[in-house]
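Being a predicted model, the structure only gives us computed values, none of them experimental.
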Protein chains: 4
Amino acid sequence: METATRDSDKAPRTERGRRTLRKLLDAAASEFGERGFHEASISTITRRAGVALGSFYTYFDSKDAIFRALVSDMSDAVKMAAREAISPDMPPLEIERAALEAFLRFAGEHKEIYRIIDEAEFVDPESYQGHYRTIAQRIADRLASGGAKGEMRSGLGEVEAWAVMGMNVFLGLRYAIWAQEGDPECAAVVTRANLLLAKGLASNRPDPV
Amino acid sequence: METATRDSDKAPRTERGRRTLRKLLDAAASEFGERGFHEASISTITRRAGVALGSFYTYFDSKDAIFRALVSDMSDAVKMAAREAISPDMPPLEIERAALEAFLRFAGEHKEIYRIIDEAEFVDPESYQGHYRTIAQRIADRLASGGAKGEMRSGLGEVEAWAVMGMNVFLGLRYAIWAQEGDPECAAVVTRANLLLAKGLASNRPDPV
Amino acid sequence: METATRDSDKAPRTERGRRTLRKLLDAAASEFGERGFHEASISTITRRAGVALGSFYTYFDSKDAIFRALVSDMSDAVKMAAREAISPDMPPLEIERAALEAFLRFAGEHKEIYRIIDEAEFVDPESYQGHYRTIAQRIADRLASGGAKGEMRSGLGEVEAWAVMGMNVFLGLRYAIWAQEGDPECAAVVTRANLLLAKGLASNRPDPV
Amino acid sequence: METATRDSDKAPRTERGRRTLRKLLDAAASEFGERGFHEASISTITRRAGVALGSFYTYFDSKDAIFRALVSDMSDAVKMAAREAISPDMPPLEIERAALEAFLRFAGEHKEIYRIIDEAEFVDPESYQGHYRTIAQRIADRLASGGAKGEMRSGLGEVEAWAVMGMNVFLGLRYAIWAQEGDPECAAVVTRANLLLAKGLASNRPDPV
DNA sequence: GATGAATGAGGATTCATTCAT
DNA sequence: TATGAATGAATCCTCATTCAT
């Protein structure tokens with residue numbers, strides 16, 4: 001998780017400073033993830049990071065600022081996870097399967113990320129919209145590419161991209177974040193979701209002629 | 001929007017009381033919708049409602065309590081909107097189309113509702129989960145029924161229900177809440193989404209034998 | 001427990017009113033006794049009394065007013081209990097014994113009274129002082145009378161009266177209010193206290209000549 | 001008056017912090033003494049201490065907490081005053097005289113302390129009981145020691161200790177706290193009280209045989 | 001850079017009291 | 001008389017942010 005761009009006058013200049021910054025970011029990620037933005041307090045974060053309260057302002061201008069930095073980090077991390085799981089020469093539907101699989105695994109391993117990004121809707125709407133618009137764009141690109149290869153319908157666009165993203169996100173919510181005893185394996189979830197993408201819900205019964 | 005069940009000792013006993021309660025709920029809906037839970041304050045709400053600060057506590061135990069009441073109200077309202085748009089004897093895919101259409105219209109007309117329910121994830125996680133689990137269950141029932149009629153694949157279940165719900169929610173987010181100039185009409189969005197549900201994304205090209 | 005004098009315009013005029021007044025006083029006695037003046041609230045009292053909040057002000061001008069009425073009632077009750085236990089023709093030390101015995105029994109049976117009177121020190125200092133001054137005066141009279149009879153030292157006065165009163169009050173606190181398993185019987189306490197009054201603490205050893 | 005043990009995370013770490021803490025304790029002592037616990041407010045205290053409202057919470061968790069710290073301080077101070085006035089090799093009755101004398105002087109000089117400890121009965125009953133139980137125990141020890149020396153009756157115990165303590169407390173209330181023009185000198189009060197302890201109230205007249 | 005004390009605006013909540021019905 | 005809704009001043013407490021060391 002690389003730190004997002006921040007005011008250059010806040011960037012650490014020494015190794016010691018870099019360590020403090022990292023401790024703050026880690027502590028903030030945990031706090032925001034566990035308690036949410038409003039319940040978390042700067043002093044909780046600094047206490048958890050093991051640094052003095054005042055040190056916080058050496059690295060961030062405000063509570064919002066560290067939250068934004070975190071959202072940016074995590075938004076990147078989510079995208080990276082998906083991107084690393086796929087390669088352009090995989091068959092289009094296989095790409096979607098891999099993307100969902102990567103996302104489910106990532107969400108399961110970083111539950112707090114999910115929460116932080118979601119809370120951005122209320123704390124920093126800009127980046128929340130930005131996050132999802134970017135992802136939707138990538139999916140749209142993939143669908144277009146699938147159409148170009150002739151393996152997906154042509155004409156797929158933004159609408160389908162948001163639909164696919166919504167599916168993925170809610171499956172992540174249900175089967176990664178809220179996973180519980182007795183739930184199907186992630187692999188099974190991915191398979192079923194991919195089948196839905198492939199063939200839809202309708203039965204195979206030939207249309208009555 | 002009917003008021004959710006609350007402590008009986010807070011229920012108004014007079015007509016005047018009922019009016020005050022309604023004013024508070026309406027004001028809270030606007031405030032929470034516009035500013036969000038944390039930015040809204042009791043005094044903002046009462047000022048907006050035109051009642052004294054103390055009157056709030058005649059009807060609610062806390063800021064959380066009115067939020068919960070509101071979420072419950074709105075969760076019901078959303079479900080009601082979908083339910084009224086469909087009837088069991090419509091063809092299964094037609095039902096999904098109508099449900100999405102109703103949801104998009106509803107979300108567009110009550111943007112604050114969307115926001116309030118979403119914020120429940122952080123303010124009152126219980127009801128947030130409850131809301132989506134309930135809806136998922138209903139969709140699952142519809143899919144099962146579609147399978148029974150032979151018009152949908154058999155074996156559709158919870159996974160597909162969450163997928164459909166996620167699709168609907170994100171399309172609502174994108175095309176109702178975040179609607180902007182130049183976006184496709186809702187009708188077009190619904191049509192494309194329904195086609196996705198019907199046939200999936202794959203091209204019609206027969207499988208290579 | 002008779003109600004103290006109050007603003008005549010608040011005195012109940014009907015039988016129904018008298019009943020309401022009594023319910024309020026009883027509820028207030030319990031509430032003040034259990035929770036103390038500041039924890040108790042008018043609404044707690046009226047709820048306990050089973051009357052409407054507004055009805056309180058039909059009978060009392062304020063929270064202080066009902067407290068004062070109660071202190072007055074109880075102050076009278078305590079004095080009455082002592083007075084009924086003694087008669088002027090009992091031997092003076094016997095009178096003191098009986099007074100203490102009556103007080104211990106009374107305190108044990110009405111623990112809340114003790115607390116209410118004590119709290120008057122902070123809520124209504126006037127009546128608190130008045131209460132103890134009155135009692136001290138009575139004790140002083142008894143001691144003077146004991147001196148006149150020749151069975152007590154002559155010259156006993158206010159100082160001794162306060163000393164005796166303090167002794168009684170603290171024995172009541174310890175052995176009636178804070179009574180616990182394994183404490184001596186009240187009778188034993190009374191006997192020892194009376195012996196202290198009779199002979200003091202010094203040993204009987206004759207003064208070395 | 002030394003500060004009682006408190007949460008270590010609230011203990012001042014710098015000299016400046018120690019000064020602020022002291023100012024707060026002093027201001028609180030005055031406020032609680034003059035107005036009582038419930039009339040005093042945090043903002044009154046901080047205003048009086050000349051520090052910002054928020055600074056209060058740097059050192060105490062709540063209004064109750066500072067009250068408790070104060071009671072503890074003062075309870076110690078009272079005991080110290082008595083202890084310093086006596087020495088084990090004084091004659092037992094002389095010890096009692098000195099203890100009462102010290103208490104009267106102390107109460108007269110620190111009227112607010114009396115009030116604060118008394119109010120603890122309602123604000124922090126635990127420490128109130130603790131205070132008097134501890135003192136009673138010390139008196140009981142002195143009486144036992146007096147018995148061992150043969151100058152007091154043997155068999156004196158807890159009952160007599162509470163009796164003596166009650167006398168002292170009420171004499172303090174009457175002649176130190178509520179002192180008024182024309183009252184006897186403290187010395188005279190002490191002498192009379194000591195005579196009561198020495199010989200009791202009965203006349204010297206030999207029992208009629 | 002690090003520390004932790006100081007600040008004070010802001011907000012939730014309580015409750016005695018008034019008043020219309 | 002009884003009722004219970006309405007009022008709003010008062011108070012505790014939180015916490016982001018500043019600042020002196």
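- Protein atom CD of C:E31 is 11 Å distant from nucleotide atom P of E:dC15, rounded to whole Å.
- The separation between D:R13 atom CZ and E:dA6 atom P is 13 Å, rounded to whole Å.
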Which letters describe nucleotides 11-21 of chain F, given B = protein heavy atom under 4.0 Å from base, S = only from sugar-phosphate, - = neither? -SBB-SBB---
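- With F:dG8, E:dA2, F:dA5 as the choices, the nucleotide that has an atom nearest any side-chain atom of A:T58 turns out to be E:dA2.
- With sequence neighbours excluded, the residues satisfying salt bridge (charged side-chain N to carboxylate O under 4.0 Å, His left out) with B:R18 are B:E15.
- On the P atoms, F:dT21 is 22 Å away from E:dG1, given to the nearest whole Å.
- In this structure A:E126 satisfies the side-chain hydrogen bond (donor to acceptor under 3.5 Å, both in side chains) test with no other residue, sequence neighbours excluded.
- E:dA12 atom P lies 12 Å from atom CD1 of B:I66, rounded to whole Å.
- For D:S55, the side-chain hydrogen bond (donor to acceptor under 3.5 Å, both in side chains) criterion is met by no residue, not counting sequence neighbours.
- Counting only residues at least two apart or on different chains, no ring pair (Phe, Tyr, Trp, His ring centres under 6.0 Å) pair has a member in residues 9-28 of chain B.
- Legend: residues meeting side-chain hydrogen bond (donor to acceptor under 3.5 Å, both in side chains) with D:S41, ordered by chain and number and at least two apart, are D:S43, D:T44.
- Of the two residues near DNA chain F, B:G50 and C:T20, the one whose nearest nucleotide lies more 5' is C:T20.
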Would you write the dot-bracket representation of DNA chain E, where each base gets (, ), [, ], | or . depending on whether it forms a Watson-Crick or G-U pair under 3.5 Å and with which partner? .||||||||||||||||||||
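- Following rounding to the nearest Å, D:R47 (CZ) and F:dA10 (C1') show an atom-to-atom distance of 12 Å.
- Atom CD in B:E119 sits 8.0 Å away from atom CZ in B:F122 (nearest 0.5 Å).
- With hydrogens and angles ignored, the 3.5 Å screen pairs a side-chain donor or acceptor of C:T14 with a backbone N or O of C:G17.
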Let me have the donor-acceptor pairs involving side chains of residues 27-38 of chain D, under 3.5 Å, with sequence neighbours excluded, atom names and distances please.
from, atom 1, to, atom 2, distance (Å)
D:S30, OG, D:D26, O, 3.1
D:E31, OE1, D:R35, NE, 3.3
D:E31, OE2, D:R48, NH1, 2.5
D:E34, OE1, D:R48, NH1, 3.3
D:E34, OE2, D:R48, NH2, 2.9
D:H38, ND1, C:H38, ND1, 2.9

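- Evaluation of the side-chain hydrogen bond (donor to acceptor under 3.5 Å, both in side chains) rule for B:T46 yields no partner, not counting sequence neighbours.
- For the pair D:K10 NZ and E:dA5 P, the interatomic distance rounds to 10 Å; values are reported in whole Å.
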